[in-house]
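Letters go in sequence order (proteins before strands), and every chain restarts at 1. Note: hydrogens, waters and symmetry copies are ignored here, and every other heavy atom, side chains too, is used. Given the structure is predicted, the values throughout are model-derived calculations rather than measurements.
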Protein chains: 2
Amino acid sequence: MALSPDSKNRRVTIKDVARKGGVSTQTVTRAINDMPGINIRTKDRIRKLAEELGYTPSRFAKGLVQGAGSCVGMVVPELTNPYFHAVVSSVVHHATQRGWQITLNEYPSDADNMMLAIEQIAAQVDAVIGWSGSGLAACQRVLGRRPLVLLDPEYPGAAGEVSFDYVHAAQLTLNHLISQGRTRISYLDSSPPQGLSVRAQAFARQAGELGLPLTFLSAEGSAKGARTAVSSLTETNLLPDALIAFNDVTAIGAIKALAAAGRSVPRECSVIGMDGIAIGELLTPELTTVSIDFNEIGATTVQLVEDLLDGKVPPGAMEAKRTLKYHMVLRQSS
Amino acid sequence: MALSPDSKNRRVTIKDVARKGGVSTQTVTRAINDMPGINIRTKDRIRKLAEELGYTPSRFAKGLVQGAGSCVGMVVPELTNPYFHAVVSSVVHHATQRGWQITLNEYPSDADNMMLAIEQIAAQVDAVIGWSGSGLAACQRVLGRRPLVLLDPEYPGAAGEVSFDYVHAAQLTLNHLISQGRTRISYLDSSPPQGLSVRAQAFARQAGELGLPLTFLSAEGSAKGARTAVSSLTETNLLPDALIAFNDVTAIGAIKALAAAGRSVPRECSVIGMDGIAIGELLTPELTTVSIDFNEIGATTVQLVEDLLDGKVPPGAMEAKRTLKYHMVLRQSS
DNA sequence: GTGAAAGCGCTAACAA
DNA sequence: TTGTTAGCGCTTTCAC
């Protein structure tokens with residue numbers, strides 16, 4: 001019943017158990033960890049005693065002596081977003097196979113304060129995986145030697161980077177839309193602080209090369225935001241005949257808005273998402289999307305962290321920059 | 001450049017830095033941790049040296065001396081399922097506010113081996129949150145004193161339990177369907193190993209009390225599984241006029257199947273999901289569902305873990321069993 | 001401003 | 001079978 005022998009709620013240590021049991025700490029270790037070389041009766045007695053006293057081995061002491069698998073912090077802007085979720089799942093999957101731990105942290109994406117989240121976990125992790133806008137240098141400073149691997153980085157400079165080939169994605173989508181005979185194409189982006197985002201620029205460039213006019217819309221980066229933005233568009237005569245959304249969630253919002261306005265998708269307006277999250281398939285109409293292989297994201301990211309941790313790849317080196325390609329998934333919405 | 005001073009890849013410790021810097025380990029600590037009482041020039045010099053040597057403080061040694069927030073393992077059967085994802089998000093959210101760490105682990109749900117996942121992390125966590133069918137006793141044994149909190153437990157016996165009030169959910173859904181004049185209602189469950197699942201039993205009982213015939217269907221617990229099951233149903237004349245799915249993902253699969261068979265939802269067949277995951281709103285038709293408050297799940301679970309860890313609530317006690325209620329979210333599918 | 005000593009809680013190696 | 005010693009890497013006194 002009692003949680004600790006003294007009234008102070010000091011942690012119960014192996015010594016407490018040893019003392020109360022009239023044995024050495026060594027014997028307690030042997031009992032607790034099922035090690036050989038201990039009388040079964042002593043073992044039972046000590047285990048029972050430990051249980052009574054409420055003894056739990058300190059993970060720190062244990063780790064200090066025996067070591068442990070790597071522990072990687074994952075710092076995510078919006079955990080409720082299915083895209084981030086898909087990446088987390090994949091990373092966890094691959095990390096688990098290596099016996100690593102992934103510790104998850106969330107920060108409000110509006111406040112761009114990945115830093116605060118990193119500060120919170122820095123002391124207890126060996127590396128950090130995150131997404132980031134600004135404040136990169138400060139984050140690396142907090143982490144010291146521990147590598148920071150950024151996914152879809154906006155600015156260069158992290159120890160490791162996993163990027164997406166937006167130029168290739170633009171080729172895939174634009175060529176597809178051209179083949180469909182679409183002429184008034186818009187790219188629907190989340191509102192960047194200023195100018196065009198990296199991905200929007202890739203689309204702009206690619207459209208330029210194809211001699212295709214491409215307009216840009218911006219919406220708050222959620223289904224609701226896209227819905228609002230596209231709704232107001234449907235009231236005008238300026239509705240494009242194809243919409244490329246910067247992610248699937250936004251594409252879904254756009255489709256909802258078009259449906260609500262009685263516009264047929266894809267007949268009147270083709271909609272293409274980006275990401276390839278699982279729910280795209282469950283929608284009506286099913287979502288056409290340029291998809292990234294989430295399993296590959298996890299595999300690549302975890303491998304990169306491992307290489308960095310092992311010193312096989314120096315932080316910031318060319319080999320620490322890895323790029324993933326999209327592929328087209330044709331379904332109903334385009 | 002060099003990762004470690006010796007050719008052995010032994011970890012670089014504070015002593016190495018101290019020795020190479022011709023100072024004591026204290027001075028290194030002060031430099032690294034920005035502590036007062038150190039000459040600024042010494043600090044710079046040591047920091048630079050530490051950087052060169054590739055020194056990173058051991059999280060174990062640091063934790064041992066200074067302590068750290070709790071670390072809770074979360075062990076999930078299918079991370080790709082949006083339901084589990086929503087719960088994880090909420091738990092992480094509430095845990096982060098307390099300065100805790102959540103470390104995520106996945107295990108293949110078919111192999112019901114939560115145990116293996118727990119064994120992998122047991123030594124490095126203070127508590128575990130999970131879902132479980134069987135093997136509960138073995139899991140608790142591995143964890144020793146560390147509390148195991150089960151969500152939606154099938155069998156009692158964990159240190160803490162967060163359950164869902166299926167009877168109440170059954171009342172809500174059945175009454176709603178009765179008010180709609182539905183008479184041929186089916187409950188679509190995932191296939192349990194034998195007999196009816198706990199939740200199905202609650203629905204059976206409630207239907208009995210209302211004098212309502214309720215039939216049971218079972219499908220593999222995924223959208224695809226539900227789709228297959230309902231598809232084969234639409235070919236018969238036995239199609240019910242209302243379908244209650246044990247979760248939203250399954251409901252979505254059912255809706256897809258009905259749409260594909262040209263059956264109108266909700267006119268010909270009403271569909272109600274359970275969970276209230278976010279995408280329900282984005283579907284066409286939008287999903288009617290008995291919803292659980294995910295924020296509440298996280299808040300309740302984390303609070304329970306805290307109470308258990310603090311010893312405020314003894315493991316297995318009545319106060320360690322908490323039950324959450326559903327609420328009806330009426331949208332288009334019913 | 002700096003260093004020496006002690007100790008956090010545990011386990012590996014060696015004695016008894 | 002059991003106990004003793006030493007040490008993991010760090011920080012906290014406290015002395016200089």
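- In this structure, A:L308 CG and A:L148 CG are separated by 9.5 Å, a value rounded to the nearest 0.5 Å.
- What separates CZ of B:F60 from C1' of C:dT11 is a distance of 14 Å, to the nearest Å.
- The CG atom of A:N81 lies 7.5 Å from the NE2 atom of B:H85; values are rounded to the nearest 0.5 Å.
- Across A:T103, A:V88, A:I121, A:V128, a single residue satisfies side chain to side chain contact (heavy atoms under 4.5 Å, CB included) together with A:M74, and that is A:V88.
- Nucleotides of DNA chain D that come within less than 4.0 Å of any heavy atom of chain B span, from the 5' end to the 3' end, D:dC8 to D:dT12.
- Between the CD atom of A:E51 and the OG1 atom of A:T56 there is a distance of 9.0 Å, given to the nearest 0.5 Å.
- You'll find the side chain of A:W100 reaches within 4.5 Å of the side chain of A:V302, heavy atoms only.
- Counting heavy atoms from C-beta outward, B:R322 and B:D307 have side chains that approach closer than 4.5 Å.
- Salt-bridge check for A:D16 with A:R11: failed, with every basic side-chain N at 4.0 Å or more from each acidic carboxylate O.
- Remark: P of C:dC10 and CG of A:N33 are 10 Å apart, rounded to the nearest angstrom.
- Here A:L151 contributes atom CG and A:T301 contributes atom OG1; the two are 4.5 Å apart, rounded to the nearest 0.5 Å.
- Summarising the geometry, the separation between CZ on B:R59 and C1' on C:dC10 is reported as 16 Å, rounded to the nearest angstrom.
- Each end of the helix from C:dG1-D:dC16 to C:dA16-D:dT1 gets its own axis from five base pairs, and the two axes differ in direction by 40°, given to 10 degrees.
- Residue pairs meeting the salt bridge (Lys or Arg N to Asp or Glu O under 4.0 Å) criterion with at least one partner in residues 127-138 of chain A, sequence neighbours excluded, do not occur; the list is empty.
- Proximity of residues 36-44 of chain B to DNA chain C (heavy atom under 4.0 angstrom from any strand atom) is restricted to B:G37, B:I38, B:N39, B:T42.
- Taking CZ of B:R141 as the start and CG of B:L136 as the end, the distance is 10.0 Å to the nearest 0.5 Å.
- For A:L53 and C:dG9, the CG to P distance is 14 Å, given to the nearest whole Å.
- With sequence neighbours excluded, no residue forms a ring-ring contact (aromatic ring centres under 6.0 Å, His included) with B:F164.
- Taking side-chain N and O atoms only, B:S24 has a distance below 4.0 Å to OP1 or OP2 of C:dG3.
- Rounded to a whole Å, the CZ atom of B:R19 is 20 Å from the P atom of C:dT2.
- For B:T27 and A:S58, each mapped to the nucleotide of DNA chain C holding its nearest heavy atom, the one lying further toward the 5' end belongs to B:T27.
- Counting heavy atoms from C-beta on, the side chains of B:I14 and B:P57 never come closer than 4.5 Å.
- What separates CD1 of A:I32 from P of C:dT11 is a distance of 9 Å, to the nearest Å.
- Residues A:R45 and A:K48 form no side-chain contact, since every pair of their non-hydrogen atoms from C-beta on lies 4.5 Å or further apart.
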Can you pull every protein N or O that's under 3.5 Å from an N or O on nucleotides 12-14 of chain C?
unit_1: C:dA12; atom_1: OP1; unit_2: A:Q66; atom_2: NE2; d: 3.1
unit_1: C:dA12; atom_1: N6; unit_2: A:Q26; atom_2: NE2; d: 2.5

